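Nothing here was measured: the structure is a model prediction, and the numbers come from that model. Chain A is the first sequence line, chain B the second, and so forth, proteins listed ahead of strands; every chain is numbered from 1.
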Amino acid sequence: MSEISTKPQSGMRDFLAPDVVRRRHVLAVVQRVYESFGFQPLETPTIENLSTLLGKYGPEGDQLLYRILHRREKLQRALASGAPTEIDLADEGLRYDLTVPLARVVANYRDLPAFYKRYQIQPVWRADRPAKGRFREFYQCDVDITGTTSVIADAEVMGAVAAVLQGLGFADFAIHVNHRELLRAFVTAAGIANENEGLALIALDKLDKIGRDGVLQELAQKGFANDCGEALLHALEQAREPGALTRMAATEGPFQAPSRALAELLAVAKDGPAAKHAIFDPTLARGLSYYTGPIFEITCKGLAGSMGGGGRYDNLIGMFQKKPVPAVGFSLGLERVLLVMEERGMFPPLCIGPQVLLCRMGDVPADAAIRVATRMRAQGLRVEVYADAANMGKMLTYANTIGAPFAAILGTAELAQGTLALKCLATGEQAATPIDDASMFVNKRS
RNA sequence: GUGGCUGUAGCUCAGUUGGUUAGAGCAUCAGAUUGUGGUUCUGAGGGUCGCGGGUUCAAAUCCCGUCAGCCACCCCA
């Protein structure tokens with residue numbers, strides 16, 4: 001009697017071998033490329049204090065945090081207190097991204113290098129509604145550089161993710177680049193109050209999808225005066241025209257500084273892997289509230305959301321210590337990358353199962369089979385021993401089922417001679433082979 | 001959070017206007033074949049028709065509710 005659901009939790013998945021090898025294939029490229037840029041690995045705990053997590057991502061982000069209920073006495077005490085609030089019931093949560101844990105680490109280990117370059121590949125959790133390419137448990141592949149406001153750092157994180165995508169075979173992705181200060185200047189110039197900046201930017205972000213009228217409608221719906229919306233749209237449309245960035249960079253006023261910064265960033269990035277991919281996009285707005293300077297987002301044809309995002313966050317680390325430390329980072333979403341690669345058939349042939357199934361005939365003792373398998377494995381072969389006693393037809397069928405390309409038949413005759421009847425299942429070729437030559441036989445035919 | 005679609009065997013799905021004991025393919029297992037597989041043939045196991053209620057002589061089928069999954073939007077990686 002089994003009424004327990006065997007499905008994984010909504011928004012979370014089991015990965016069987018074919019999934020695992022594809023994920024590993026991508027992660028191997030990510031790791032290799034990140035390390036080639038001089039980033040060093042970091043891993044942090046799954047669980048963080050809620051005080052670490054709360055207030056860093058904006059109100060929507062706080063809502064999506066997985067919280068961990070108190071245990072035992074603490075829980076009893078909280079429940080007994082009458083009307084417990086969320087804060088009374090939990091003081092820990094699952095990490096929501098890798099940037100905030102990094103900020104905590106930088107504040108906690110004061111002896112890190114002045115320019116701490118770390119990469120981190122770990123799962124994060126968001127209590128979001130699952131959809132295509134969106135999960136509640138997913139992997140982020142982050143690169144960050146702390147301790148400098150240099151444009152080199154910005155360009156390097158852009159270059160690192162661009163190099164990863166190129167290494168995986170992508171050619172048609174775009175890295176949208178914008179600047180928080182520039183957005184703020186647009187919003188202010190249009191006569192919109194600072195506290196409504198977020199609302200306005202969300203509407204603007206949709207310009208490509210719902211069009212000019214759609215954005216105006218949405219702005220009106222959110223209570224913005226018509227001429228405010230009109231002014232904002234007009235300014236942004238002008239900013240999208242070719243040469244607008246250089247023009248703004250040359251014009252005194254609130255647009256000048258961020259425009260100059262972006263122009264410089266694009267100029268520097270041009271000599272790295274992000275060349276050809278980086279584009280100025282004045283409508284790009286990102287949801288996370290900790291960004292302060294340049295912001296990035298990667299898009300790719302055929303993908304609804306983004307493959308990755310990032311930006312500069314010069315005030316986040318300062319929330320964990322007195323001394324502010326500037327930082328910039330970029331995050332690739334492993335599942336998004338996999339989704340596109342899957343749809344486009346971008347994976348090379350990948351296999352990991354056993355190369356050889358060792359078929360023990362009924363009259364061969366089990367310990368002899370183990371001895372032979374051990375000698376074969378010592379040659380570097382991946383060997384599975386058929387566990388049950390069975391006739392040969394069944395064992396060969398099983399070899400096909402698990403995708404093993406070779407079968408090694410071990411009967412009393414072979415055992416006496418120290419050989420194996422090695423069979424290539426694709427061609428049917430079979431030869432009596434000394435046990436220690438098994439890898440030669442296999443490698444010659446693989 | 002909004003809108004839509006779908007829930008029948010492990011998987012993919014049929015199932016007529018509501019009508020006897022709910023089917024097929026794939027997969028699994030067994031046998032034909034106890035030292036030679038992929039093909040073929042024979043057979044077997046496997047179902048609370050998502051769940052709950054209603055209408056009806058009769059419900060997988062119609063109605064209501066609910067849950068789950070998928071798609072689009074929103075937001076994000």
Side-chain angles (χ1 to χ4, degrees), chain A residues 1-3 5-11 13 30 57-61 63-64 95-99 121-142 161 198-199 201-203 205-206 209-210 214 218 221 284-289 295-300 303-311 329-340 357 359-364 386 388-415 420-430 432:
Chain A
M1 178 161 110
S2 158
E3 291 172 15
S5 168
T6 55
K7 285 188 192 135
Q9 265 297 323
S10 171
R13 292 160 305 154
V30 172
Y57 305 110
E60 322 80 24
Q63 284 308 111
L64 297 178
R95 66 168 169 259
Y96 179 90
D97 73 356
L98 302 178
T99 307
I121 303 170
Q122 286 191 281
V124 302
W125 291 268
R126 296 182 187 177
D128 211 342
R129 182 153 165 186
K132 186 179 181 183
R134 176 203 278 166
F135 304 95
R136 288 180 173 168
E137 177 179 58
F138 61 97
Y139 273 69
Q140 291 194 319
C141 311
D142 278 39
V161 296
L199 279 175
L201 292 182
I202 287 172
D205 203 30
K206 300 178 194 168
K209 287 175 197 163
I210 60 178
E218 184 155 337
Q221 218 167 33
L284 172 67
R286 292 184 48 77
L288 297 177
S289 57
I295 48 180
F296 321 118
E297 191 161 286
I298 303 186
T299 60
C300 189
L303 183 72
S306 68
M307 280 205 288
F330 216 129
S331 175
L332 277 177
L334 175 64
E335 282 71 14
R336 298 284 168 83
V337 171
L338 283 162
L339 184 74
V340 178
L357 181 71
C359 304
R360 172 179 63 105
M361 302 314 299
D363 42 9
V364 169
Y386 192 93
D388 285 2
N391 64 43
M392 192 179 302
K394 188 170 172 177
M395 292 192 282
L396 292 177
T397 303
Y398 180 76
N400 286 324
T401 305
I402 64 172
F406 296 92
I409 297 146
L410 181 64
T412 43
E414 285 83 6
L415 197 55
L420 290 164
L422 264 178
K423 182 181 180 81
C424 172
L425 291 167
T427 61
E429 179 196 0
Q430 181 173 330

So [X], base contact, sugar-phosphate only, or nothing? Heavy-atom distance under 4.0 Å.
X	result
A426(A)	base
T412(A)	base
E137(A)	nothing
G305(A)	base
E297(A)	nothing
G411(A)	base
G362(A)	nothing
G61(A)	nothing

Could you tell me how far apart [X] ([atom1]) and [N] ([atom2]) are, to the nearest whole angstrom?
X	N	atom1	atom2	value
I402(A)	A27(B)	CD1	C1'	17 Å
R13(A)	A77(B)	CZ	C1'	12 Å
M395(A)	U36(B)	CE	C1'	10 Å
R360(A)	U34(B)	CZ	P	18 Å
Y398(A)	U36(B)	OH	C1'	18 Å
D97(A)	C76(B)	CG	P	13 Å
D128(A)	A77(B)	CG	C1'	11 Å
R129(A)	A77(B)	CZ	P	19 Å

Euclidean distance for [atom1], [N] against [M] (whole angstrom):
N	M	atom1	value
G15(B)	A30(B)	C1'	30 Å
A58(B)	U17(B)	C1'	14 Å
G4(B)	U8(B)	C1'	22 Å
G10(B)	G46(B)	P	11 Å
G25(B)	U39(B)	P	15 Å
G23(B)	U6(B)	P	25 Å
A9(B)	C41(B)	P	26 Å
G50(B)	G7(B)	C1'	6 Å

Would you call the rings of F330(A) and F296(A) parallel, tilted or perpendicular, where under 30° means parallel and over 60° means perpendicular?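 Answer is parallel, since the angle falls under 30°.
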For a 4.5 angstrom cut-off between non-hydrogen side-chain atoms, does [X] reach [Y]?
X	Y	answer
K394(A)	Y386(A)	yes
I409(A)	M361(A)	yes
L332(A)	I298(A)	yes
E137(A)	Q9(A)	no
R95(A)	Q140(A)	no
F406(A)	K423(A)	no

Check whether any side-chain N or O of S10(A) sits under 4.0 Å from OP1 or OP2 of A68(B), and answer yes or no.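 Result: no.
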Quiz item: [X] side-chain donor-acceptor pair to [N] base, under 3.5 Å:
X	N	answer
Q63(A)	G1(B)	no
N400(A)	G37(B)	yes
R336(A)	C76(B)	yes

What nucleotide among [options] has an atom nearest to a side-chain atom of [X]?
X	options	answer
N391(A)	G37(B), C29(B), U34(B)	U34(B)
R126(A)	C71(B), C76(B), G35(B)	C76(B)
A413(A)	A77(B), G35(B), A72(B)	G35(B)
K394(A)	G35(B), A30(B), U36(B)	A30(B)
L396(A)	A77(B), U34(B), U36(B)	U36(B)
F135(A)	A30(B), A77(B), U36(B)	A77(B)

What are the two closest non-hydrogen atoms of Y139(A) and I121(A), and how far apart are they?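 Minimum heavy-atom separation between Y139(A) and I121(A): CD2-CG2, 4.2 Å.
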Want to settle it: does R136(A) or T397(A) sit nearer the 5' end of RNA chain B, counting the closest nucleotide to each?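 By nearest-heavy-atom nucleotide position, the 5'-most residue is T397(A).
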Of P130(A) and L334(A), whose nearest nucleotide on RNA chain B comes first from the 5' end?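 Its nucleotide being nearer the 5' end, the pick is P130(A).
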Sub-3.5 Å donor-acceptor pair from the side chain of R136(A) to the main-chain atoms of D128(A), do we have one?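 Yes; judged by distance alone, with no hydrogens or angles, the pair exists.
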Nucleotide pairing, RNA chain B (Watson-Crick or G-U, distances under 3.5 Å), in dot-bracket with [ ] and |: (((((((..((((.....[...)))).(((((.......))))).....(((((..]....))))))))))))....
Steps toward side-chain contact (heavy atoms from CB on, under 4.5 Å) verdict (D97(A), R126(A)): CA-CA 9 Å; D97(A) 73 356; R126(A) 296 182 187 177; 3.8 Å; yes
